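To start, the structure under review is shown below, and the notes come after it.
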Protein chains: 2
Amino acid sequence: MLKISELSAKTGLTAHTLRFYEKHGLIQASTRSESGYRYYNAADIRRVEFVKTARSIGFSLEDINQLLSIRVDKLSHSCQEVTEITRNKLDEVNGKINELQSMQQTLQILLDSCCGGPERAIHCSIMEALDKDLFRNQDNESALQASGRVK
Amino acid sequence: MLKISELSAKTGLTAHTLRFYEKHGLIQASTRSESGYRYYNAADIRRVEFVKTARSIGFSLEDINQLLSIRVDKLSHSCQEVTEITRNKLDEVNGKINELQSMQQTLQILLDSCCGGPERAIHCSIMEALDKDLFRNQDNESALQASGRVK
DNA sequence: GTTGACCTTAGACCTAGCTCTAAGGTTACA
DNA sequence: TGTAACCTTAGAGCTAGGTCTAAGGTCAAC
């Protein structure tokens with residue numbers, strides 16, 4: 001049976017975070033001392049590790065709550081439910097990656113278009129591009145190319 | 001000269017957002033009526049469009065504040081400063097992409113490892129993987145492969 | 001028996017970028 | 001003259017996941 005500071009040391013999560021997770025229904029100390037101190041048994045600890053692992057993969061606390069309710073009653077739940085949660089998360093991640101890759105492309109095009117030197121910014125291609133609103137239709141590359149700014 | 005609702009219609013930003021940007025020093029209505037109504041002239045509007053464009057590329061409001069102070073006095077600033085802001089943003093975006101791709105890989109491996117069918121979740125590979133904490137050392141793939149869960 | 005390290009709770013604060021509300025003043029039109 | 005649609009401000013609320021504080025109780029060691 002671990003006290004909260006011991007569990008904190010073991011898991012790398014702060015005591016604050018452990019209490020925060022408890023408040024949100026993710027974890028629990030199955031025993032409390034008379035004075036109210038939390039004591040975590042082996043099963044409690046495994047649950048905390050589960051949460052930590054799921055968090056590190058990127059699951060939200062809400063996702064994890066769903067995964068935990070499957071975990072405590074696996075007979076009543078199917079692999080399909082688990083993969084659905086995972087698939088949704090993957091879709092979300094893929095969506096974010098796409099957004100970021102679009103930004104990445106635009107930023108790279110901007111960088112390629114500018115000399116980046118100590119010249120005065122009066123004809124800076126990046127500033128011009130931002131001013132000319134060349135990014136209206138996700139058509140950044142062709143717009144910038146049309147503007148003659150890309151090597 | 002446009003009133004705030006007209007500028008809102010023109011830019012697609014809400015009046016709330018325009019006031020919010022003003023509060024944060026990004027934009028301004030260079031004229032106010034006697035009763036305090038904001039009136040935006042052509043230069044004001046171009047500045048708002050600049051902000052909108054920069055936002056759509058992913059620059060933060062703080063980045064944009066920096067870009068704007070370059071924009072109003074291009075003689076005192078260099079291309080180097082502009083590319084530095086852009087480069088920093090690109091680095092940030094690349095960092096996020098890497099994180100997300102790591103999640104993506106892990107999630108894909110999890111999905112590949114599970115049947116995803118109506119079977120009871122009692123031997124669900126995903127649940128097992130989360131329980132066994134196979135993700136400790138960014139060594140997800142080999143750990144999962146070692147566990148014999150990957151096709 | 002006292003010190004210092006630990007524990008408890010409720011609740012405030014943080015980021016970033018909005019989004020909305022309340023309470024009231026202005027304007028345009030019929 | 002009325003009313004509806006607009007405008008103003010200050011400030012609260014939202015998301016997500018913590019992070020921290022205050023005020024107080026407990027515990028173990030010296």
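Just so you know, these numbers come straight off a predicted model, no measurement behind them. Chain naming here is simple, since letters A, B, ... match the order of the sequence lines and numbering starts at 1 in each.
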Check the pair B:E92, B:K96 against salt bridge (charged side-chain N to carboxylate O under 4.0 Å, His left out), reporting the backbone distance first and the verdict last. CA-CA 6 Å; B:E92 192 188 314; B:K96 283 189 192 161; 3.7 Å; yes
Go through B:K52 and B:E49 one step at a time and tell me if the salt bridge (charged side-chain N to carboxylate O under 4.0 Å, His left out) criterion holds. CA-CA 5 Å; B:K52 191 191 170 193; B:E49 300 278 13; 5.2 Å; no
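The B:R55 side chain lies nearest to C:dC18 when the options are C:dC18, D:dT8, C:dT8. Out of D:dG18, D:dT8, C:dG11, the shortest distance to the side chain of A:K23 is found at C:dG11. Of the candidates D:dC7, C:dT21, D:dT8, C:dT21 carries the atom nearest the B:H16 side chain, counting heavy atoms from C-beta on. Nearest nucleotide to the side chain of B:Y37, out of D:dC6, D:dG25, C:dT8: D:dC6. Candidate nucleotides D:dG18, C:dT27, D:dC27 were compared by shortest atom distance to the side chain of A:S35, and D:dC27 ranks first. If you check C:dC18, C:dT26, D:dT9 against the side chain of B:F20, the one that comes closest is C:dC18.
Using a 4.0 Å heavy-atom criterion, one finds that B:R38 contacts the sugar-phosphate atoms exclusively. Contacts of B:T14 with the nucleic acid, taken as non-hydrogen atoms under 4.0 Å apart, are absent. Among the atoms of the strands shown, none is found under 4.0 Å from any heavy atom of A:S33.
When the P atom of C:dT9 is taken as reference, atom CG of A:L18 falls 13 Å away, rounded to whole Å. The separation between A:H24 atom NE2 and D:dA16 atom C1' is 9 Å, rounded to whole Å. Note: CD1 (B:I4) to C1' (C:dC20) measures 14 Å, nearest angstrom. The distance between atom CG of B:L13 and atom P of C:dT19, rounded to the nearest whole Å, is 10 Å. As rounded to whole Å, 16 Å separates atom C1' of D:dC7 from atom CE of B:M1. The CG-P distance, from B:L26 to C:dA16, rounds to 14 Å in whole Å. Nucleotide D:dC7 holds its C1' atom 9 Å from the OH atom of B:Y39, rounded to whole Å. A:E92 has its CD atom 12 Å from the C1' atom of D:dA16, to the nearest Å.
Listed pair B:R19 / C:dT21 fails the phosphate criterion, with no side-chain N or O lying under 4.0 Å from OP1 or OP2.
Residue A:V51 is tested with A:L67, A:I64, A:N65 for a side-chain contact (heavy atoms from CB on, under 4.5 Å); the sole match is A:I64.
The shortest side-chain heavy-atom distance between A:L13 and A:L7 does not fall under the 4.5 Å cut-off. For the pair A:H77/B:R120, no side-chain contact is recorded, criterion being any heavy-atom separation below 4.5 Å from C-beta on.
In terms of position along DNA chain C, the nucleotide closest to A:K3 lies nearer the 5' end than the nucleotide closest to the other residue of the pair B:T17 and A:K3. When each of B:E34 and B:F59 is assigned the nucleotide of DNA chain C bearing its nearest heavy atom, the one mapping closer to the 5' terminus is B:F59.
Counted by atom type alone, B:Q108 and B:D112 present one or more donor-acceptor pairs between their side chains at under 3.5 Å.
Taking 3.5 Å as the limit, the base of C:dG17 and the side chain of B:Y21 contain no donor-acceptor pair of atoms between them.
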